[in-house]
Amino acid sequence: MPIPMQDLSEWYTQVIEKAGLAEHSPVRGCMTIKPYGWALWENIQRPLDEAFKATGHQNAYFPLFIPLSFLAREAAHVEGFAQECAVVTHYRIQTDPVTRTVQPDPEAKLEEPLVVRPTSETIIWNTFKNWIQSYRDLPLLINQWANVVRWEKRPRLFLRTTEFLWQEGHTAHATAEEALAEARQMLEVYARFVQDYLAIPVIKGRKTPTERFAGAVETFTIETLLLDGKALQAGTSHFLGQNFAKAFEVKFLNAQNELEYVWATSWGVSTRLIGALILSHGDERGLVLPPRVAPIQVVIVPIWRSEAQQAQITEAAHRLAQQLREKGLRVKVDDDPHHRPGWKFNEWELKGVPLRLTLGPRDVEDNTVEVSWRHTGQKATHPQPAVVQACASWLEEMQRELFVRAQERIQRQTHRVDSYADMKAILEKERGFILAHWDGNAETELAIKEETGATIRCIPLEGEKEPGRCIYTGRPSEQRVLFAIAY
RNA sequence: CGAGGCGUAGCGCAGCCCGGUAGCGCACCUGCUUUGGGAGCAGGGGGUCAGCGGUUCAAAUCCGCUCGCCUCGACCA
């Protein structure tokens, strides 16, 4: 295992493959998500889905294919996605009689090409048109779990794959205020989930106009900083104004019997969260998974010498596992006879399992068990009944400690900077978050990006709002913004 | 799309410069001994050497073309 801080990109690829989360598929930029990785995604999906439903949203499903003409309806939107669309042009293949190669049948060309959705605003708003007539149909609060395709130039497992899995919320409202409140609410839902479940600290903010979603009036984001000091957008929530309502002619009659365009939001998080998770907590032994989303929270490794012991200790391990399951924990007994204990210790540490219980002849004799904490490497032996009682609270403690540890790391990597020279020096040396003043101009933003590689990740929503002078031009600025080199 | 690197067993690699019928480690199978931090010994199975073409008595090796992958940039959830 490479040391994470020396070559994070090598470490990242290896840990994903060795821990069995995912692997490269034969299709460029597309990955196979393996059972362990999928279990992790399910543990991310479940609480998010519950949070969406708790805030009044319903799930639905819209088509994978979008007629090309739909995408063209919203000018900024089509421009934003034009460079990365996969397009279906034929509906049949044939074997060429001369070359013997299989190819699209030229006779079977589609009248209108279909775009594989890079996001679903257009097809959903085309549908919403039929669902909305009156203010009584509003708000319309829909979410879908889906796959989308964006032909990215440089794919990376989980962080930027050609096909990725996500959820996309799409809502319609009677007023701008209500839609804006919805966008802000979902940003909160994301921030809470990412911090409480993934133990990843985030900064909530607004995107600058240059970084805004194609077709949005306002884009909110949660930004985090990974182990190597590079920033990652972990989720977004957009206030779309009336842009899509106008593009798709979605109007409603208000209580005064007047026809109005509806107001929209959209918001999403993706399998990128798994990448964020790996690159927030991992170490030289591999993955470190926060207990709340870990597919296996406790692994029990039985150790035996004789065959008689094997039977007895394995049985004791399963009894212990059952007691822990009754406490609501996800437990695995690794009684595989083909591997030795040392191998198993390394394997489960690589897979990031939060707690390991080791049960050997000594322990069975004394009714004890050895506990090992993944995030600290600490070990201790306790009586079995005490361990059964304490495991759940140890896991909760670990969940909090992982968050605090990440928060302290990000604090160390965050710099308040007032001189452009300092900013450049820090970005070259250790990257990280740079809190600095900006004059609000896109030209300034672009110049800084070209000279340093750093972009404005967001204009933070929280924290002090002291005015100052732009780090680049010296012109007045209302508040500090967050710069970083991004993934 | 630009710049680098790499395609040889499931995985990681050597062999290529200097052409002679393919090897190592891990993994896998069998047996025995082992099991508290990636076990040992013995035996065994597994290869269109990325593809196509050329040179040659003979090509993994030399030459040409094509395809794919990885890393780094511009783009992005």
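Lettering of chains follows the sequences in order, A, B, ..., and the numbering in each one begins at 1.
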Which of B:G36, B:G37, B:C75 is nearest the side chain of A:E349? It is B:G37
Indicate yes or no: does A:K207 engage A:E218 in a salt bridge with an N to O separation below 4.0 Å. no
May I ask you to say what A:F213 touches in the nucleic acid, namely base, sugar-phosphate or nothing, with a heavy-atom cut-off under 4.0 Å? nothing
Could you tell me how far B:C62 sits from B:A14 if I compare only their P atoms? Round to whole Å.
15 Å
Separation between CD1 (A:I274) and CG (A:L279), nearest 0.5 Å, reads 12.0 Å
pair_partner(B:U48), Watson-Crick or wobble, both distances < 3.5 Å, evaluates to none
Once you apply a heavy-atom cut-off of 4.0 Å, does A:G268 come out as touching a base, just sugar-phosphate, or nothing? nothing
Here the distance between atom C1' of B:U71 and atom CZ of A:R160, to the nearest Å, is 13 Å
Considering residues, nucleotides and ligands other than A:W151, do more than 12 of their heavy atoms fall under 6.0 Å from its CH2? no
The nucleotide from B:A77, B:C75, B:A39 with an atom nearest the side chain of A:K449 is B:C75
**Study point:** P atoms of B:A3 and B:G47, separation to the nearest Å
**Key:** 39 Å
Taking the six-membered ring for Trp, are A:W343 and A:H338 ring centroids under 6.0 Å apart?
no
Out of B:G37, B:G36, B:U71, minimum distance to the side chain of A:T13 belongs to B:U71
(request) Remember a base hit wins even if backbone is also touched, and classify A:K379 as base, sugar-phosphate or nothing at under 4.0 Å, heavy atoms. (result) base
Assign each of A:T358 and A:E152 the nucleotide of RNA chain B bearing its closest heavy atom; nearer the 5' end lies the nucleotide of A:T358
- Could you give the distance separating B:G46 and B:C24 at their P atoms, to the nearest angstrom? 14 Å
As its Watson-Crick or G-U partner within any shown strand, both distances under 3.5 Å, B:G25 has B:C11
Closest to the side chain of A:F164, out of B:G38, B:A74, B:A77, is B:A77
Here the distance between atom P of B:U35 and atom CZ of A:R305, to the nearest Å, is 5 Å
Between CD of A:E23 and C1' of B:C70 the distance, given in whole Å, is 16 Å
Q) Between B:G43 and B:A50, how far is it from one C1' atom to the other, in whole Å? A) 34 Å
Out of B:C76, B:U35, B:G37, minimum distance to the side chain of A:P341 belongs to B:U35
Comparing A:S306 with A:W166, nearest RNA chain B nucleotide closer to 5' gives the residue A:S306
### Query
A:Q310 near the nucleic acid: base, sugar-phosphate alone, or nothing, with a heavy-atom cut-off under 4.0 Å?
nothing
Same-atom distance (P) from B:A22 to B:A27, integer angstrom: 26 Å
Between B:A39 and B:G45 - P atom distance, rounded Å
26 Å
A:E42 meets the salt bridge (charged side-chain N to carboxylate O under 4.0 Å, His left out) criterion, sequence neighbours left out, with none
Mate of B:C1 across any strand shown (Watson-Crick or G-U wobble, both atom pairs under 3.5 Å) is B:G73
Rounded to whole Å, CH2 of A:W151 lies from P of B:C1 at a distance of 13 Å
Would you call the rings of A:F70 and A:F248 parallel, tilted or perpendicular, where under 30° means parallel and over 60° means perpendicular? perpendicular
Picking from B:G37, B:C75, B:A77, the nucleotide nearest the side-chain atoms of A:K153 would be B:C75
*How is A:W304 classified with respect to the nucleic acid when contacts are heavy atoms under 4.0 Å: base, sugar-phosphate, or nothing?*
base
Taking the six-membered ring for Trp, are A:F164 and A:W166 ring centroids under 6.0 Å apart?
yes
In Watson-Crick or G-U wobble terms, with both distances under 3.5 Å, the base opposite B:C41 is B:G31
Taking B:C49 as the reference, what is the distance to B:A9 when you measure between their C1' atoms (whole Å, please)?
10 Å
Which of B:G38, B:A77, B:A74 is nearest the side chain of A:R272? It is B:A77
Answer for the Watson-Crick or wobble partner of B:C62, both distances under 3.5 Å, is B:G54
If pairing means Watson-Crick or G-U wobble with both distances under 3.5 Å, then the partner of B:G68 is B:C6
Next on the checklist: Heavy atoms only, 4.0 Å cut-off, all strands: where does A:P361 land among base, sugar-phosphate and nothing?
Outcome noted: base
Rounded to whole Å, OH of A:Y12 lies from P of B:U71 at a distance of 11 Å
Looking at A:Q407, I'd like to know if its CD atom is crowded, meaning that more than 12 non-hydrogen atoms belonging to other residues, nucleotides or ligands lie closer than 6.0 Å.
yes
*Using a heavy-atom cut-off of under 4.0 Å over every strand shown, decide if A:E17 touches base, sugar-phosphate, or nothing.*
nothing
message = Can you check the distance between B:C13 and B:A59, where both ends of the measurement are the P atom (answer in whole Å)?
response = 28 Å
Atom CG of A:D334 and atom C1' of B:G38 are separated, to the nearest Å, by 13 Å
Any strand, both distances under 3.5 Å, Watson-Crick or G-U wobble: B:G19 pairs with none
Ranking B:A77, B:U34, B:G37 by distance to the side chain of A:R356, first place goes to B:G37
Please determine if A:R319 and A:E315 form a salt bridge, counting it only when a charged side-chain N lies under 4.0 Å from a carboxylate O. yes
Picking from B:U35, B:A74, B:G38, the nucleotide nearest the side-chain atoms of A:I303 would be B:U35
- Message: Categorize A:T161 for me: base, sugar-phosphate, or nothing, with a 4.0 angstrom heavy-atom threshold over every strand shown.
- Response: base
When rounded to whole Å, the CD1 to P distance for the pair A:I278 and B:A77 reads 20 Å
| request: Could you tell me whether A:L159 contacts a base, only the sugar-phosphate backbone, or nothing, with contacts defined as non-hydrogen atoms closer than 4.0 Å? | output: base
When rounded to whole Å, the CD to P distance for the pair A:E365 and B:G36 reads 19 Å
